[in-house]
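This report refers to the structure that appears directly beneath it.
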Protein chains: 2
Amino acid sequence: MTSTARGARARARIEVTAAIKEEARRQLAAEGAARLSLRAVARELGMVSSALYRYFPSRDDLLTALIIDAYDSLGEAAESAHAAVAQEGPRQRWVAVCTAVRRWALAHPHEYALIYGSPVPGYHAPQTTVPAAARVGLLLIGIVRDAHRGPGLADLPLPADLRPEAERLVADLAPDLPPAAGAALVAAWAQLYGLVGFELFGQFHRVVEDREPFFRHAATRLADQVGLP
Amino acid sequence: MTSTARGARARARIEVTAAIKEEARRQLAAEGAARLSLRAVARELGMVSSALYRYFPSRDDLLTALIIDAYDSLGEAAESAHAAVAQEGPRQRWVAVCTAVRRWALAHPHEYALIYGSPVPGYHAPQTTVPAAARVGLLLIGIVRDAHRGPGLADLPLPADLRPEAERLVADLAPDLPPAAGAALVAAWAQLYGLVGFELFGQFHRVVEDREPFFRHAATRLADQVGLP
DNA sequence: CCCGCCGCAAGAGCAGTGCTCTCTTTTTTG
DNA sequence: CAAAAAAGAGAGCACTGCTCTTGCGGCGGG
């Protein structure tokens, strides 16, 4: 039905949609999500603003499309960085993925802010974004799971009051992982984004100057924290 | 000069300024920074919008005032939580401060987003905010420094390429701290905000459900990471 | 004591925003 | 080929931050 261009009309629709997203992404990268304006996008594309609503019913829908693209772009960057070191040990792979996330964030600050900064108020991400959002997470889970199949995965502490939650968590995410590792993994995942966010949003200004080795070391210690050998 | 009300005029100015901030804070808490409108604030206060510019020359200046207040409120929450356990060990004090930060963030999500979420594009925090912003950091530094004076502070790893940066860092922040502890402290500080931010911004939705013990455990492991006994 | 000045408020206005509605043109489809 | 669906154009609404001009009224210096 909606697949490959049944007519010139459908093909044009795909092209215009892509052009809108492209221009919107340009404005997002240049000015940030708050300054992204439908009218400005339309103006730049030589169309009238109301015409744009035929393609995206609201500004939030455009933002949602950009969010999914951003998640995908980040996921792809992480995955290709991981593929390049797939033969190495879990630690190297972990650090490689973390480094890729940081590098992508530094290269696309506004996109990163869009997906991992404070959500635009009033806006609630629809379920559509979930698969794209999960890509980096799945990568990290895979690394820890692989490590768990091999030797040397450290024993991690797990307080009694956290055990039920940790068991539920690994049941959903990675059934072959010990609960303590699952909990540590999720915590490390959040902490990774704390490190990246602080650097990106200027919190390290005049505190950390040489940020590359600092991040590398922190990422390595995160690997410790999830018990990677 | 600018001190205690030289006349009724000056007193009124202080009161109106306070009323503006109060109403702005209400709107911030209810709707978030992006939806905070000068005109709406003025309307609610029964004044015309242009009059408000006599008190805050721009929307950004109002936001800056709210940011400082938010930092102060968070700092005070953390400090009073710390004071309540000042007699206990470094771990307990560390976890108490982390917990207070989380609790404050959950109680004031939009304020938290304002200071630790993605910065409003085009807006750059003036130097005025720095002292208020530093309060929680100073608290954490103090805990680690105290621990370092006592026994049991763990030896932390420090890669060679990070040493110069770590030395510079402790020279600025806490000269009596070993460089490795300083680097670990800054990393832990960032990671704390990663944990809080992920929970607050919905990234843990359907992943972590029982968040209180989860956070508690993660904060405890952060204490490990900075070598607290 | 009083007059002039300055702080303050009010109102109009500018340029911009998201979004809706109607009207016309163009293309697809039964 | 005619009816229906899709797309574009343009006007318009309610809102935003911000500026400018115009008046009013309390305060300080002569």
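So that the names make sense, note that chain A is the first sequence line, chain B the second, and so on, each numbered from 1.
With rounding to whole Å, A:Arg11 atom CZ is found 15 Å from C:dT28 atom C1'. In this structure, CE of B:Met47 is placed 12 Å from C1' of C:dA10, rounded to the nearest angstrom. Straight-line distance from the CG atom of B:Leu62 to the C1' atom of D:dC18: 14 Å, rounded to whole Å. One interatomic measurement links the two molecules: CG of B:Leu52 to P of D:dG17, which rounds to 10 Å at whole-angstrom precision. Distance, A:Ile14 CD1 to D:dA6 P: 15 Å, rounded to whole Å. The distance from atom CZ of A:Arg9 to atom P of D:dA5 is 13 Å, rounded to the nearest whole Å.
Distances shown here put a side-chain N or O of A:Tyr55 below 4.0 Å from the OP1 or OP2 atom of D:dG8.
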Scan nucleotides 14-25 of chain C nucleotide by nucleotide, 5' to 3', and note B when protein non-hydrogen atoms come under 4.0 Å of the base, S if they reach only the sugar-phosphate, - if neither.
---BBBBB----

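Residue pairs meeting the ring-ring contact (aromatic ring centres under 6.0 Å, His included) criterion with at least one member in residues 37-69 of chain B: none, sequence neighbours excluded.
Judged by distance alone, the side chains of A:Thr64 and A:Asp61 never bring a donor and an acceptor atom under 3.5 Å apart.
The aromatic rings of A:Phe198 and B:Tyr193 lie parallel to each other, their planes meeting at an angle below 30°, with 60° marking the opposite boundary.
Here the straight-line distance linking atom CG of A:Asp161 with atom CD of B:Glu212 works out to 8.5 Å at 0.5 Å rounding.
Partners of B:Asp172 by side-chain contact (heavy atoms from CB on, under 4.5 Å), not counting sequence neighbours, listed by chain and number: B:Arg168.
A heavy-atom distance below 4.5 Å is found between the side chains of A:Gln191 and B:Leu195.
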